[in-house]
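What you see is a predicted model, and the numbers here were worked out from it, not measured in a lab. Naming: A, B, ... by sequence-line order, numbering from 1 per chain.
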Amino acid sequence: MQVARPEFVPDASLSREEMEALQREIADAAVFADDLPFDPDRICGDGVATDTDQTSLADVDGDITSADDPPLVAGVDQAFVDDHAVSAVVLLRGGEVVERAYAVEPAAIPYIPGLLSFREGTAILAAFDALEREPDIALVDGSGRIHFREAGIATHVGVTLDLPTVGVAKSLLCGTPRESLDRKLPAGARVAIESDADVETAEPGTHIGDAVQTRQFENSERYVNPLIVSPGHRVSADTAADVALACADGYKLPEPTRLADSYADEVKAEVREELD
DNA sequence: GCGACAG
DNA sequence: ATCTTGTCGC
């Protein structure tokens, strides 16, 4: 699929100040409310059982899109080989993989907390460009609204493509959990993350995302840390968490993300040979 | 100066 | 993210 907002394409040649200014514009253009072309309840991967779950049967026609098919959900993840970023996208419908695509681009800048999209964004957009179909929503590794300027990588990619996106991170970049996360939460649980002084663009106390427990040990002292989920673009915080749980399939990472993760590793191994 | 932060 | 052995638990 193609870029919808060329003016927001990440440019690694910008100064830090310019990058931050662009992020404020992106956050301004972002929609942190539901504006989806489908009903989230119909994602139907396997999901973590929730009291609000509905009973539904997914049709498995595979490739052909019909009006009541489950939505196309994309998972995106990156791997690195030397100074090159490998971005992999995996598309699923009703839990079945229907397409995969990837791209390799040089990582123009080093990793800088708060500016991740300027390091990995080019490769991600190239991978989406290589994708034949247009996803209904994409899960991007990293933060979305949970960001110093509410413009994490999931938001940057979502706004640039004008695609609904959800940010899925393994740790908290900023913001304050409403309750301590230092305890064992049951599978399906969620704890709201509120903006604090570190989030310069939002009023303190704004619900900017959630800690989501997609998986948990039952008969053990050990426990799994929650995933940090936040709206990227065109989804609310509640729906972002719903989507992450609906895509969960027995592992901490949602299925689209897990598959994109392993696909990126697969491509990385191949790219490793073509190096000078 | 200190703290602190996705991937 | 990446570099890696062993170890724990289902």
Exercise for the section: Pull out every stem in DNA chain C, meaning runs of 3 or more consecutive Watson-Crick or G-U wobble pairs with both distances under 3.5 Å. Expected result: none
Handout entry: Shared-cluster residues of A:Tyr223, by chain and number - hydrophobic side chains joined below 4.5 Å
Key = none
Handout entry: Members sharing A:Val224's hydrophobic cluster (side chains within less than 4.5 Å)
Key = A:Phe217
Output the rounded distance in Å from [atom1] ([X]) to [atom2] ([N]).
X: A:Met19; N: B:dC5; atom1: CE; atom2: P; result: 22 Å
X: A:His147; N: B:dG7; atom1: NE2; atom2: C1'; result: 12 Å
X: A:Asn225; N: B:dA6; atom1: CG; atom2: P; result: 14 Å
X: A:Asp198; N: B:dA6; atom1: CG; atom2: C1'; result: 14 Å
X: A:Leu172; N: B:dC5; atom1: CG; atom2: P; result: 8 Å
X: A:Ile124; N: B:dA6; atom1: CD1; atom2: C1'; result: 12 Å
X: A:Arg149; N: B:dC5; atom1: CZ; atom2: C1'; result: 11 Å
X: A:Ile146; N: B:dA6; atom1: CD1; atom2: P; result: 12 Å

Can a salt bridge be assigned to the pair [X] and [Y] using a cut-off of 4.0 Å between side-chain N and carboxylate O?
X: A:Glu96; Y: A:Arg93; answer: no
X: A:Arg234; Y: A:Asp162; answer: yes
X: A:Glu105; Y: A:Arg119; answer: no
X: A:Asp242; Y: A:Arg190; answer: yes
X: A:Glu200; Y: A:Arg24; answer: yes

Practice task
Could you tell me whether A:Leu115 contacts a base, only the sugar-phosphate backbone, or nothing, with contacts defined as non-hydrogen atoms closer than 4.0 Å?
Solution key: base
Practice task
Check every strand shown and say whether A:Ile153 touches a base, only sugar-phosphate, or nothing at a heavy-atom separation below 4.0 Å.
Solution key: base
Exercise for the section: Without swapping roles, check the side chain of A:Asp39 against the backbone of A:Asp41 for a donor-acceptor pair under 3.5 Å. Expected result: yes
Exercise for the section: Enter the distance from A:Asp141:CG to A:Leu116:CG here, rounded to the nearest 0.5 Å. Expected result: 7.5 Å
Practice task
Starting at OG1 of A:Thr206, measure out to CZ of A:Phe32 and round the result to the nearest 0.5 Å.
Solution key: 10.5 Å
Completion exercise
Under a 4.0 Å heavy-atom criterion, the protein footprint on nucleotides 1-10 of chain C, written with B, S and -, is SSS----BSS
Handout entry: Range-with-range stems of DNA chain B (Watson-Crick or G-U pairs under 3.5 Å, three or more in a row)
Key = none
Exercise for the section: Look at A:Ser171 and B:dG7 and indicate whether a side-chain polar atom (N or O) is within less than 4.0 Å of OP1 or OP2. Expected result: yes
Problem - Listed once per pair and sorted, the ring-ring contact (aromatic ring centres under 6.0 Å, His included) pairs that draw on residues 136-177 of chain A, sequence neighbours left out - result: A:Phe118-A:His156
